[in-house]
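Written below as structure tokens is the structure these notes are about.
Chain letters run A, B, ... following the sequence lines, proteins first and then strands; every chain starts at 1.
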Amino acid sequence: MPRKKLRHAFFERPAIDLARDLLGTILVRRVRGKEYRARIVETEAYVGAHDLACHASKGRTARTEVMFGPAGRAYVYLIYGMYDMLNIVASHREDPQAVLIRGAEPLDRWQADLTGPGKLTRALRITRAQNGLDLTGDRLFLLADSAYRPQLVETRRIGIDYAKEWKDALLRFVDANSGLFPQPRGVKTHPSRNAL
DNA sequence: GCGTCGATGGCA
DNA sequence: GCCATCGACGCG
């Protein structure tokens with residue numbers, strides 16, 4: 001059975017491991033009577049309260065509360081006043097780690113641009129209304145695909161230059177088998193984002 | 001192809 | 001005031 005639903009135990013690991021292993025898995029979104037599937041091709045790990053790029057490094061607040069809860073739930077927050085970011089809570093209670101889902105590729109002949117965390121949530125209609133949602137449910141969940149082998153590339157995380165000694169940590173993971181990254185020079189890629 | 005900038009709102 | 005972003009615009 002190449003495609004089994006990911007259960008809670010899958011998410012109960014350090015974010016760095018979870019972020020790697022989420023590459024190649026299939027994100028399933030059921031909304032408005034339809035089901036959309038997309039292969040995850042880009043993730044970032046936010047590894048705990050000591051990670052200055054992790055929201056939880058500023059303390060336990062109403063916004064970050066979900067990250068302090070059990071693994072396998074959605075942490076969705078608003079950034080720049082207009083984009084919702086989808087994260088998956090990792091590790092265990094009281095250890096605020098999460099994986100940001102940054103990019104995916106549509107499956108099953110469905111067309112959409114999911115190359116960026118803001119574009120992905122917009123296309124899949126994921127908002128803060130899904131904050132705290134259990135990702136082993138039936139509206140938003142993940143499937144393993146044991147037949148698929150991503151080619152792992154590690155880079156620095158995007159947009160966290162304020163994070164001092166954490167800004168250069170290799171905690172972004174990209175599937176180089178996806179058409180997304182890396183690309184031959186001059187071909188469509190993430191704008192200003194392929195700094196290894 | 002690449003740098004710069006404005007939009008937009010919640011949060012500390 | 002600052003953002004785990006995006007897309008439009010201008011350059012030459």
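Clustering of Ile, Leu, Val, Met, Phe, Trp and Tyr by side-chain heavy atoms under 4.5 Å joins A:Ile26 with A:Val28, A:Leu107, A:Phe141, A:Leu143.
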Nucleotide N/O to protein N/O under 3.5 Å, stretch nucleotides 10-12 of chain B:
from: B:dA12; atom 1: OP1; to: A:Thr61; atom 2: OG1; distance (Å): 2.4

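A:Lys119 has a side-chain polar atom (N or O) that falls below the 4.0 Å cut-off from OP1 or OP2 of C:dG7. For the OP1/OP2 pair of C:dG7 and a distance below 4.0 Å, the side-chain nitrogens and oxygens of A:Arg122 include at least one atom meeting the criterion.
A:Gln97 has its CD atom 18 Å from the P atom of C:dA4, to the nearest Å. The nearest whole Å value for the distance from the CD1 atom in A:Ile79 to the P atom in B:dT8 is 16 Å.
Of the C1' atoms belonging to B:dG10 and C:dG7, the separation is 22 Å, rounded to the nearest Å.
Remark: A:Asp21 engages A:Arg13 in a salt bridge, criterion side-chain N to carboxylate O under 4.0 Å.
Pairs of residues two or more places apart, or lying in two chains, never qualify as ring pair (Phe, Tyr, Trp, His ring centres under 6.0 Å) while including a residue from residues 10-32 of chain A. Each ring pair (Phe, Tyr, Trp, His ring centres under 6.0 Å) pair with one or both residues in residues 99-119 of chain A, not counting sequence neighbours, appears once here: A:Tyr36-A:Trp110. For residues 63-75 of chain A, the set of pairs meeting the side-chain hydrogen bond (donor to acceptor under 3.5 Å, both in side chains) definition, not counting sequence neighbours, comprises A:His55-A:Tyr75, A:Arg60-A:Glu65, A:Thr61-A:Thr64.
Partners of A:Tyr80 by side chain to side chain donor-acceptor pair (under 3.5 Å), not counting sequence neighbours: none found. Every residue two or more places apart in sequence or in another chain was checked for a side chain to side chain donor-acceptor pair (under 3.5 Å) with A:Thr121, and none qualifies. Residues satisfying the side chain to side chain contact (heavy atoms under 4.5 Å, CB included) test with A:Ser91, not counting sequence neighbours, are A:Asp95, A:Gln97. Not counting sequence neighbours, the partners of A:Asp168 by the side chain to side chain donor-acceptor pair (under 3.5 Å) test are A:Arg156. Residues meeting the side chain to side chain donor-acceptor pair (under 3.5 Å) test with A:Arg29, sequence neighbours left out: none.
A:Phe173 does not carry A:Arg157 over the face of its six-membered ring by the limits of under 6.0 Å from the centre and within 45° of the normal.
Helical stems of DNA chain C (runs of at least 3 Watson-Crick or G-U pairs, donor-acceptor distances under 3.5 Å) are listed by first residue: B:1-7 with C:5-11, B:9-11 with C:1-3.
For DNA chain B, the neighbouring residues in residues 81-91 of chain A, judged by any heavy atom under 4.0 Å, are A:Gly81, A:Met82.
Nucleic acid contact for A:Leu100: base, since at least one base atom lies under 4.0 Å from a heavy atom of the residue.
B:dA7 has no base stacking with the ring of A:Tyr80 when judged by centroids under 5.5 angstrom apart and an interplanar angle below 30°.
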